[in-house]
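Step one of this worksheet: look at the structure below.
These numbers were taken from a predicted model, which means no experiment stands behind them. Residues: numbered from 1 along the sequence shown. In what follows, every heavy atom counts, from backbone to side chain, and hydrogens, waters and symmetry copies are set aside. For ligands, and for the atoms within them, numbers begin at 1 and follow the listed sequence.
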Amino acid sequence: MWPFPKIIAHRGGGTLAPENTLAAMRCGLEHGFRAVEFDVMLSADGVPVLMHDPVFGRTIAGSGSVAESTAQQLTALDAGSWFDSRFAGEPVPTFHQVIDYCNTHRIWMNVEIKPAPGYAAETGRAAAALLKQSMGGHRTPLFSSFSKEALLAAREVAPEIPRGFLIGYVPDDLESVMRELDAVALHTNHKHLTREQALAVKQQGYGLFCYTVNEPERARELLSWGVDAFCTDRIDLIGPDFS
Ligand code: G3P
Ligand code: MG
């Protein structure tokens, strides 16, 4: 039922490196992780890049937005200084670069499609088109998104790439949502998840993925409930072989 890895490094290197950068991917790998989650957003000229926030100000200094910046502009930005001066100048990577890195190092990808507001379908389509063409010979990746529109657009372009639906709470109408999206897994906030809900999701035959689990004790509890996988920021505390 769950052909994917169980413990996944969140945003590349969790709390140990600037999120959604190649430095983060390297950091995850240094900690033994061959499974990673990261966020993909579309530039103004339609290039998928790794980014969590649609507007600058947190990981990118200054003001501006991803949807209004070209890929050339975005990849020239410093996505490392906010985290630590050691990472000053670490660029915003394109999705293409990260796929290459992961494929080269045999790192499995949970690609979260994170569209800027108003760009859900475009982002889903572009991410799917790119991932589709680089899948040969590699472990099947998994898309996830809070945006149904993005997931459906990805499905149109690459129905063979499985999809997980991201939602903070287990929805009451789980079955119909999962059917609508043709999704294989539910990705949900572990903070709101109960044992009964976990059992129900599993009983209905879906994969169950939790974000973002940073305490070993809680991680063990979730796994004992039948949770299939989770991502973690604490790759220093919770290793890739955690059980
Ligand atoms: O994909 C799991 C998790 O990353 C979802 O939330 O905001 O950290 O992207 P966020
Ligand atoms: Mg994410």
Test: salt bridge (Lys or Arg N to Asp or Glu O under 4.0 Å). Region: residues 230-243. Which pairs qualify, not counting sequence neighbours? Arg234-Asp236
Would you kindly check if the NZ (Lys) or CZ (Arg) of Arg34 is within the cone defined by 45 degrees around the ring axis of Trp108 and under 6.0 Å from the six-membered ring centre? no
What pairs meet the salt bridge (Lys or Arg N to Asp or Glu O under 4.0 Å) rule with one or both residues in residues 90-103, with sequence neighbours excluded? Arg26-Glu90
Checking Trp2 against Leu208 for the side-chain contact (heavy atoms from CB on, under 4.5 Å) test, could you report, in this order, the C-alpha distance in whole Å, the side-chain angles of both residues, the deciding distance, and whether it holds? CA-CA 9 Å; Trp2 187 258; Leu208 180 55; over 6 Å; no
Can you name the residues that come within less than 4.0 Å of ligand 1, going by heavy atoms only? His10, Arg11, Glu37, Asp39, His52, Glu112, Lys114, Phe146, Leu166, Tyr211
N/O/S atom name from Glu112 that is nearest to the position of the Mg ion (ligand 2): OE1
Regarding Arg58 and Glu19, does a basic nitrogen lie under 4.0 Å from an acidic carboxylate oxygen? yes
In Asp39, what N, O or S atom is nearest to the Mg ion (ligand 2), if we give its atom name? OD1
Got a second to check how far Ile113's CD1 is from Glu149's CD, nearest 0.5 Å? 11.5 Å
What's the atom name of the N, O or S in Glu37 nearest to the Mg ion (ligand 2)? OE2
Contact list for residues 202-217, test salt bridge (Lys or Arg N to Asp or Glu O under 4.0 Å), sequence neighbours left out: Lys202-Asp228
